[in-house]
Structures are given as C-alpha cells and as structure tokens.
Peer 1: 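My structure is below; once you've seen it, I'll send some questions.
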2 protein chains.
Amino acid sequence: MARKPADQSVNRSDIIQAAAEVLQRSGYEAATMKDIAAAVNLTAASLYHHFRNKDSLLLAVLEVGLDYIIQQVEPIVHNDQPVERKLRAMTREHIIGLTENTAVGAAMVFEIRALMNVKAPPPGARPAEKAAYTEFIARRDAFFARRDEFEDLFVQVIRAGVDQGVLRPIDIDIFAKTLLGAHNWVGVWYRPDGRLTGEQIADAIADTLLRGVMNQPPAPPPASAHREAQL
Amino acid sequence: MARKPADQSVNRSDIIQAAAEVLQRSGYEAATMKDIAAAVNLTAASLYHHFRNKDSLLLAVLEVGLDYIIQQVEPIVHNDQPVERKLRAMTREHIIGLTENTAVGAAMVFEIRALMNVKAPPPGARPAEKAAYTEFIARRDAFFARRDEFEDLFVQVIRAGVDQGVLRPIDIDIFAKTLLGAHNWVGVWYRPDGRLTGEQIADAIADTLLRGVMNQPPAPPPASAHREAQL
DNA sequence: TTTATAATCTAATCATCGTTAGATTCTTTT
DNA sequence: AAAAGAATCTAACGATGATTAGATTATAAA
C-alpha cells in the first residue's frame, strides 16, 4: 500500500532547506510560496501536498533549526566538565550550528517573530482550517517552550558557575542574554567566505566572554584542539 | 503663502513613531499602510501626503533611529577620556537609545533587511515612479554607509585601546561585533516594565565585556553615577 | 499488468493591499 | 471675506499571492 518515496521527488527536508534559503533573502512575509517552490523546481500548489500552509512551513524550518541546536548543545550541560569548559563548548556548538547552515541560522534570529503574526481564521471558516489553526498554535507554543528551555541551558550552567565561585557574582539573566546576543548576532553577519571559520569566531567570543565573568583568568583556549576534543 | 502646520494635524514625526510601533508588532511586510494610518487616526491614503510610499516611510523610521544613536554615541569617540571610559559610555548610550524607544530600536535590528527587498519599478512605469526609486536607492545607500560608519566608531575605539596596550591583543572586528550583538540583542528582549532599566543593563553588559578585553581588570563602575556624569 | 496512492500540475478563486484620482475640509494669510 | 494651499477623505484600480479544485503523471505493491 504505502509507497516508498521516489528518489527524484522532493521531500520535506528539501523544501525546508529551500524555504530557509528563500527566507534568508526575503524574510517570511516577502517570501512567496512560488519563490520557495521554484527553489525546488515545483509549482506553488505542489507545496501544499507536503505542508498544510505557509505558516506550517515556517514553523517546520524553525523546528528543524532548534532541534539541531538543542541536540548539539544539550549534552554538554549534563557532562561533568568544569563550568568554563562547558560554556566554551556550548558557545562553540551554538555558533558552529548557526554558521554551518546560515539560512536556518538566520531564520532562527529573524523569523521567529513572524510566528506571532499568524491570524486566526474567521468564524465562518471551514472546520479543516480551524483545526489547522489550533494545531499550529499548539505546535508554536511548544516551539517557544523549547526555545525557552534552550536558553535556560545557558542560565543553568552560568548559575552553577556562580554558585561554585568559578564565576563572579554577575546578574545571571543579563549575562545569559549577553551571551545569546553575541552568538545570535554571528548568524546575522557571518558569511561562509569570510576571514574566519565559525569555530574560530566561537573561540574568540568565548575567550572574551569567559574572561569577562571568571574570577580567575581562564586558561588559554586549547589552541588547535579539534572540535570533538571539547566534548 | 506657506501655511504653518495646524496643531492637531499629524506631522512626519507622529507618523514615523506610529510606523515604528506597528513595525515592532508586525514587521515591515505584514504591516499595512492602513495599520499605520489607523495608529494616527488617518486613512491609508492620507499617509501619501506625507510620504511618497511605504518604502520611503520605512527608510524614514530607520534614518531617525540611526541619527539619534549616532548623535548620542559619536561625541564620546572624540573626547579625551581613557578607552575604557569611552567604551563604557558608548555602550550606555547605545543601549539606552535602544531601550528608550523600543519601537525604533527593534526596527533598527529587524527591519534593515527589508530595505534590500524593494523591487525596481517595471520599465513601463511612470517617470515619477522611476525617480522615486532612484532617490530611494540613493538614500538607502547613504543609510547603509552611515550605519557602517556607526559600527566603525566602536572599531576605532577598540583599535586605539589595543594600540595603547589597555586592551588585550584581541581580534578587533570580532570583538566589535560581539559588542554590537550584545547591544542590539537588548533591543530584542528588553521590555520597559522589566526588572532593570536600560542604564542598569548597559552597566552590567559593559562590566562583563570590558573585563573580557582589558589587560588590567577594569575599575569598578561608578556605582551610582548619574548618566551625564559619564560624558 | 493492474491498482492505489504519492507527487505534481493547470487553472481558477478570493482576499488583501499599495497606490492613485479627485473631491472636500480646514487653517493661515491677505 | 476671499484665496491658496495643506491635510484629509472616499472610492476605485491593479497587482499580487495564498489557497483550493480537479486533472494528470509516476511509482511501488499486488
């Protein structure tokens, strides 16, 4: 019965990646379904075979991005390295994640607000439309909850550092947001053909921010350590 | 001949502020001329008496924001205080500027990209339309140039600090972007009814970032110094 | 080979929105 | 008061774009 998808037909992931790229150029509202479809050699109508509507496609892009970043960062929180090592590794994974896929990275920064703009269907709308909306709201709220959880990972590690006396008695929320701002901003200006790799950028940022909050000046970064060596 | 504007009629500034507020909620593409007009009790058509078109209104919002921030930050660069005092004061003025008018502050972060999306008029368009477009492009490019100059103010001060040996031999561009990212991000999450004032947030961020880049640990911030005392 | 269904297309619908035309009202100057 | 121009309005135009209906094609399972 169930047919295995053919190799040459596009799948959800193809569309999500293409959508992210169009979003990066145009922003959500300016990006048309036709633009996105053209990026995978389809017509706009064909996209509706894969996604309920435009909002749902946007959400899918953001979910993929958040899932990936959480998957990279979360394990670091639960290992038993010292706080400074954890923070450095988290900065690395976050920034590398944003720079490896700049389209999705930019969407994570710029398009989240578009999630707030979706309008409820009018009272006279078809039941299917209302159902789609309800489901969307639930998925969106779950997304925001996960986003908050992600940001809280940094808060947890920073708090542990302050409690242990490794970090100065800083305002934890403000530092977490300073950190996240510095990270996210990389997603705004980074270009793959730039002077530095994502890894180098991450190390430079981590150096400065760690030094800014540690009681003892941090150990110099493991100069040419390979990425996995940090985990 | 020339009539003095009546007191109860709306002026450019009113519309620009209202537009910024609508933009903050909806983003540029989702914001309609009707929405903006309603915020100043006008019809959409009336806006065209004050602005050539929607693009031009967006640009006006961004120009106002950039002008204000530059006006606050630029003088600091040219006084003769030590680098650390300058950087702290620049952070203060930048963040206070973003938090005093959150609508314009958010526009400066989120809507600049919309400037890239304006489409050229078709070859068959009216001359007036083509002229408006040409003028828009020129103004837009001037805006970007000024924006770059603004960011360069930070680079200049940081470079001076490194040259003087006050700051560690950091990567100047990366640190400037780290700083700007931390600043701009405040414009994303700050709420006027939050726990801290813009000034307090600025001080906390400046503490951490300065400590992160100074060779000697920075002097503790002038605890309860009033804002103007920094200049 | 037949069949079910996945994937895609063409063509149309429906709503929204930027923009313009032209009339009207309001305020200042003469 | 009359004139001039500024500010605003109503009504419409034209374009765009999300979405749907229904037909068509391709592919894997039977």
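Note on naming: letters A, B, ... go to the chains in the order of the sequence lines (proteins, then strands), and numbering restarts at 1 for each one.
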Peer 1: To the nearest angstrom, how far is B:His50 atom NE2 from D:dT8 atom C1'?
Peer 2: 8 Å
Peer 1: Nearest whole angstrom, please: distance from the P of C:dT16 to the NZ of A:Lys54.
Peer 2: 15 Å
Peer 1: Starting from P on D:dG17, measure out to NZ on B:Lys119 and report it in whole angstrom.
Peer 2: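 Atom-to-atom, B:Lys119 to D:dG17, this comes out as 9 Å.
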Peer 1: Can you list the stems that DNA chain C is part of, where a stem is at least 3 pairs in a row, each Watson-Crick or G-U, with both distances below 3.5 Å?
Peer 2: C:1-30 with D:1-30
Peer 1: With the side chain counted from C-beta on, respond yes when A:Thr208 and B:Ile174 share a heavy-atom pair under 4.5 Å apart, and no when they do not.
Peer 2: no
Peer 1: Output the distance between atom CD (B:Glu199) and atom CD1 (B:Ile95), rounded to the nearest 0.5 Å.
Peer 2: 11.0 Å
Peer 1: At a heavy-atom distance below 4.0 Å, what parts of residues 22-43 of chain B sit against DNA chain C?
Peer 2: B:Ala31, B:Thr32, B:Met33
Peer 1: Taking the side chain as C-beta and beyond, is there a heavy-atom pair between A:Glu151 and A:Arg147 under 4.5 Å?
Peer 2: yes
Peer 1: State, yes or no, whether a side-chain contact exists between B:Trp189 and B:Ile201 at a heavy-atom distance under 4.5 Å.
Peer 2: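 Of all side-chain heavy-atom pairs linking B:Ile201 with B:Trp189, at least one is under 4.5 Å.
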Peer 1: If I take atom NE2 in residue B:His49 and atom C1' in nucleotide C:dT25, what distance separates them, rounded to the nearest angstrom?
Peer 2: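 Rounded to whole Å, this separation is 13 Å.
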Peer 1: In Å, rounded to the nearest 0.5 Å, how long is the span from NZ of A:Lys177 to CG of A:Asn184?
Peer 2: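 Here the rounded value is 12.0 Å.
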Peer 1: Got a sec: does the CZ of B:Arg159 have more than 12 other heavy atoms crowding it under 6.0 Å?
Peer 2: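 No - once you tally the heavy atoms of other residues, nucleotides and ligands closer than 6.0 Å, there are 12 at most.
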Peer 1: Is B:Glu111 paired with A:Arg113 through a side-chain N to carboxylate O contact shorter than 4.0 Å?
Peer 2: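 Answer for the salt bridge query: yes.
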Peer 1: From CG of A:Leu47 over to C1' of D:dG17, roughly how many Å is that when rounded to an integer?
Peer 2: 13 Å
Peer 1: Considering only nitrogen or oxygen atoms on both sides, find all protein atoms under 3.5 Å from nucleotides 20-23 of chain C and state each distance.
Peer 2:
{"unit_1": "C:dA21", "atom_1": "OP1", "unit_2": "B:Arg126", "atom_2": "NH2", "d": "3.4"}

Peer 1: Within this structure, what is the CZ-to-P distance between B:Arg12 and D:dA6, rounded to whole angstrom?
Peer 2: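 About 15 Å, once rounded to whole Å.
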Peer 1: Counting C-beta onward and ignoring hydrogens, is there a side-chain heavy-atom pair between B:Asn53 and B:Ser56 closer than 4.5 Å?
Peer 2: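 Counting from C-beta outward, B:Asn53 and B:Ser56 do come under 4.5 Å.
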Peer 1: Relative to each other, are the rings of A:His183 and A:His94 parallel, tilted or perpendicular (30° and 60° limits)?
Peer 2: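 The rings of A:His183 and A:His94 stand perpendicular, inter-plane angle above 60°.
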Peer 1: Can you say whether the rings of B:Tyr133 and B:Phe136 are parallel (under 30°), tilted (30 to 60°) or perpendicular (over 60°)?
Peer 2: parallel
Peer 1: For a quick test of reading the model, state the closest non-hydrogen atom pair linking A:Ser9 to A:Asp14 and the distance between them.
Peer 2: O-OD2, 4.4 Å
Peer 1: Output the rounded distance in Å from CG (A:Asn11) to P (D:dT27).
Peer 2: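 These atoms are roughly 15 Å apart.
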